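Note that the structure is predicted; figures quoted are calculated from it, not measured. FYI, the numbering just counts along the sequence from 1.
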Amino acid sequence: IPGMVMILLVSEPAATGASPRTLREAVVEPFHEFMTRSGVRGALLILAFIFLYKLGDSLCTALATPFYLDMGFTKTDIGLIAKHAGLWPAVAGGLLGGLWMVRLGINRGLWLFGLVQWVTILGFAWLAWRGAQPVIDGVDRAALAGVISAEYLGVGLGTAAFTAFIARATNPAFTATQFALFTSLAAVPRTFINASAGALVESVGWVSFFLLCFLL
């Protein structure tokens, strides 16, 4: 509903160029423009940054539900605490990140919000260090809610700055193709590298796994 209202209220932006008429103009030219604009080295640096910025954070949450279960929390705990403690801080982080970036700028926002993403991973390492509790009480549930809230606040903040960076890296004449390519590249770690999370946990245990995510 908010999106539909926004469509009615906001005018269409002025076109920056002609629509592509061939597959080459729609797909090949955006590649060529990006590589020539930044140079091969610059383009590879931007692509590497997009690929790596959320790598550790993404891997950290890949096995969130199995981790909570291993720590002794019930599915009811996960449904009531974990889901709400993740959703609302992520929304708040995205909104705050967008507002703060107006003052901070994209580059500084990437550093500061990335630092929040980085540090909050240690909360999961702390939960793993505490280990599975024989009886889950209010303190344990509060600890779970606090760790998840901090993590997803960082996710929201980092996503706001990251999305702005990707948008800035696109050429207005090729926004659709380049934005799609960049966001797809950012999703690669979540799709492929996260598949190794289970094997890593079995090999090194939860604490070392989260410390590895912290280093990544």
Under a 4.5 Å cut-off applied to non-hydrogen side-chain atoms, are [X] and [Y] in contact?
| X | Y | value |
| --- | --- | --- |
| Arg130 | Asp140 | yes |
| Thr159 | Lys54 | yes |
| Leu115 | Trp118 | yes |
| Gln178 | Ile166 | no |
| Val201 | Phe67 | no |
| Ile46 | Phe34 | yes |

Can you tell me how far the [atom1] atom of [X] sits from the [atom2] atom of [Y], to the nearest 0.5 Å?
| X | Y | atom1 | atom2 | value |
| --- | --- | --- | --- | --- |
| Ile78 | Met71 | CD1 | CE | 11.0 Å |
| Arg141 | Thr74 | CZ | OG1 | 6.5 Å |
| Leu63 | Phe124 | CG | CZ | 11.5 Å |
| Ile50 | Phe162 | CD1 | CZ | 5.5 Å |
| Asn194 | Leu55 | CG | CG | 8.0 Å |
| Thr163 | Met101 | OG1 | CE | 8.0 Å |

Just wondering, more than 12 heavy atoms not from [X] lying within 6.0 Å of its [atom1]?
| X | atom1 | result |
| --- | --- | --- |
| Trp126 | CH2 | yes |
| Ile1 | CD1 | no |
| Arg168 | CZ | yes |

Do you reckon [X] sits in the same ILVMFWY cluster as [Y], going by side-chain contacts under 4.5 Å, direct or chained?
| X | Y | value |
| --- | --- | --- |
| Met6 | Leu95 | no |
| Leu144 | Trp129 | yes |
| Leu52 | Phe182 | yes |
| Leu59 | Leu127 | yes |
| Tyr53 | Leu45 | no |

Taking the six-membered ring of Trp100 as reference, does the NZ or CZ atom of Arg103 fall below 6.0 Å from its centre and within a 45° cone about the axis? no

Looking at every heavy atom in both [X] and [Y], which two are closest together, and how far apart are they?
| X | Y | result |
| --- | --- | --- |
| Gly98 | Ala160 | N-CB, 3.9 Å |
| Ile121 | Gln117 | CG1-O, 3.5 Å |
| Pro189 | Leu185 | CD-O, 3.6 Å |

Review item, side-chain donor-acceptor pairs of residues 146-158, under 3.5 Å, at least two apart:
{"residue": "Ser149", "atom": "OG", "partner": "Ala85", "partner atom": "O", "Å": "3.4"}
{"residue": "Ser149", "atom": "OG", "partner": "Ala145", "partner atom": "O", "Å": "2.8"}
{"residue": "Glu151", "atom": "OE1", "partner": "Thr120", "partner atom": "OG1", "Å": "3.2"}

Derivation of the side-chain contact (heavy atoms from CB on, under 4.5 Å) call for Ile193 and Phe51: CA-CA 11 Å; Ile193 296 175; Phe51 180 84; 3.8 Å; yes

Which pairs of donor and acceptor atoms, one on a side chain in residues 206-216, lie under 3.5 Å apart (sequence neighbours left out)?
{"residue": "Trp206", "atom": "NE1", "partner": "Asp70", "partner atom": "OD2", "Å": "3.0"}

For Lys83 and Thr65, run side-chain contact (heavy atoms from CB on, under 4.5 Å): C-alpha distance rounded to whole Å, both residues' side-chain angles, the deciding distance at 0.1 Å, then the answer. CA-CA 10 Å; Lys83 302 305 179 182; Thr65 299; 4.1 Å; yes

Hits for side-chain hydrogen bond (donor to acceptor under 3.5 Å, both in side chains) against Arg108, two or more places apart or cross-chain, chain-then-number order -> none

Hey, can you tell me if Phe73 and Tyr68 have their rings parallel, tilted or perpendicular (30° and 60° cut-offs)? perpendicular

Tell me whether the centres of the aromatic rings in Phe49 and Phe165 are closer together than 6.0 Å. yes

Does Arg21 offer a backbone N or O that forms a donor-acceptor pair with the side chain of Glu25 under 3.5 Å? yes

Main-chain N/O of Gly131 paired with Gln133 side-chain donor or acceptor, under 3.5 Å: yes

